[in-house]
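Worksheet: one structure, shown below.
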Amino acid sequence: MIGAIIGAGTALVAAGAGLLGARLGARSVEQGAVIAAEAVARQVHSQAAVDHGHWQREQRATACNTILQSFDDAVLQFRLTMAADGDLEGIEQAATRLQEAVIGVSRARVSVSVAGPPALVQQAENLLDLANSLIVFLQEDLTGREEEAAGLPDRVHEARERFIDTCREELGRAPTVE
């Protein structure tokens with residue numbers, strides 16, 4: 001009888017140890033599943049941030065390209081207006097196209113403002129200000145301001161190059177993962 005009691009006690013202890021082992025094993029599996037789920041969630045979040053960064057870079061590149069095309073068109077129309085010396089109809093047509101091109105620069109600047117960042121927005125504002133000054137140059141009497149008018153091509157070139165440099169810098173930044 002004592003042997004049966006010891007055997008039953010041993011079986012009971014073994015069963016208890018088995019249950020404890022199973023419980024600990026289940027807890028470890030549960031903790032492993034939680035850790036794996038957290039890792040997957042971090043990975044999904046990181047990939048989403050990278051994908052968003054690529055999308056944002058595409059938006060900025062498109063906005064930069066659009067404003068540069070519009071600005072270049074405004075400069076071309078300004079040059080055509082200046083070249084239409086004495087041809088009033090040619091001057092009026094080119095001036096109208098210049099105003100339309102400046103409106104295009106303004107619209108493109110809005111896209112840059114939405115796409116950001118602030119450094120890029122500032123350079124877009126500079127291009128728009130310069131495009132608007134092309135219209136002002138046509139509307140004003142430039143007598144006595146020949147030197148300022150002569151410096152305009154350099155200002156146009158410098159503003160365009162600063163904008164391109166800023167675009168390259170901003171587009172070259174790696175997306176941030178938070």
Side-chain angles (χ1 to χ4, degrees), residues 39-178:
V40 168
R42 279 191 306 273
Q43 183 180 5
V44 167
H45 175 74
S46 294
Q47 186 61 46
V50 168
D51 290 346
H52 178 73
H54 289 303
W55 173 83
Q56 190 174 43
R57 188 177 296 125
E58 283 179 21
Q59 297 304 307
R60 288 177 179 165
T62 299
C64 288
N65 189 41
T66 301
I67 197 167
L68 278 174
Q69 287 176 349
S70 298
F71 182 74
D72 288 347
D73 187 36
V75 171
L76 173 65
Q77 297 310 321
F78 176 75
R79 290 183 176 148
L80 291 174
T81 303
M82 298 301 285
D85 189 36
D87 176 13
L88 291 180
E89 184 178 328
I91 291 172
E92 286 179 13
Q93 289 175 354
T96 299
R97 287 192 302 268
L98 172 58
Q99 288 176 335
E100 291 169 356
V102 171
I103 290 169
V105 173
S106 180
R107 287 184 181 139
R109 192 241 337 129
V110 170
S111 296
V112 172
S113 295
V114 170
L120 195 57
V121 173
Q122 181 59 52
Q123 291 302 320
E125 290 288 337
N126 293 344
L127 287 183
L128 179 58
D129 290 345
L130 188 53
N132 280 318
S133 73
L134 298 176
I135 293 175
V136 171
F137 264 74
L138 291 179
Q139 295 171 341
E140 292 182 349
D141 179 12
L142 297 179
T143 305
R145 295 178 58 200
E146 291 82 5
E147 188 174 312
E148 185 180 348
L152 191 57
D154 288 338
R155 287 180 50 212
V156 165
H157 177 74
E158 290 168 8
R160 189 178 191 283
E161 290 303 309
R162 276 193 307 271
F163 182 77
I164 290 171
D165 289 345
T166 303
C167 286
R168 285 183 180 143
E169 181 180 318
E170 293 301 333
L171 294 175
R173 293 186 194 279
T176 59
V177 178
E178 296 176 10

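Here the side chains of F78 and L152 are in contact, with some heavy-atom distance below 4.5 Å. Side-chain contact between T62 and Q59: absent, with no pair of heavy atoms (C-beta onward) separated by less than 4.5 Å. Inter-residue side-chain proximity for C64 and L120 is flagged as met; some heavy-atom pair is nearer than 4.5 Å. The shortest side-chain heavy-atom distance between L127 and R109 does not fall under the 4.5 Å cut-off. Side-chain contact between F163 and L68 is present, with at least one heavy-atom pair separated by less than 4.5 Å.
Summarising the geometry, atom CD belonging to Q93 is positioned 13.5 Å from atom CG belonging to L98; distances are rounded to the nearest 0.5 Å. For the atom pair CD of Q123 and CD1 of I164, the computed distance is 11.0 Å after rounding to the nearest 0.5 Å. Of the inter-residue distances, the one linking R155 atom CZ with D129 atom CG reads 9.5 Å to the nearest 0.5 angstrom.
When the shell of 6.0 Å around CD of E89 is examined, it contains 12 or fewer heavy atoms from other residues, nucleotides or ligands. Counting non-hydrogen atoms of other residues, nucleotides and ligands closer than 6.0 Å to CZ of R162 gives a total above 12. The environment of R79 atom CZ is sparse: at most 12 non-hydrogen atoms of other residues, nucleotides or ligands sit within 6.0 angstrom.
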Inset, instruction - Show your working on side-chain contact (heavy atoms from CB on, under 4.5 Å) between D165 and E169 and close with a plain yes or no. - result: CA-CA 6 Å; D165 289 345; E169 181 180 318; over 6 Å; no
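Summarising the geometry of V105 relative to A74, their closest heavy-atom pair is CG2-CB, 4.4 Å, with the distance given to 0.1 Å. Here the closest non-hydrogen pair linking T66 and A108 is CG2-CB, 3.8 Å. Taking all atoms of both residues into account, the shortest heavy-atom contact from Q56 to A115 is NE2-O, 4.4 Å. The shortest heavy-atom contact between S113 and V121 is CA-CG2, 3.6 Å.
Annotation: side chain to side chain contact (heavy atoms under 4.5 Å, CB included) contacts of N132 (sequence neighbours excluded): V102, L128. Under the rule for a salt bridge (Lys or Arg N to Asp or Glu O under 4.0 Å), the partners of R160 that lie at least two apart in sequence or sit in another chain are D72.
For S133 (side chain) and L130 (main-chain N/O), a donor-acceptor pair under 3.5 Å exists by modelled atom type.
Remark: the Q69 side chain and the D73 side chain contain no N/O donor-acceptor pair separated by less than 3.5 Å.
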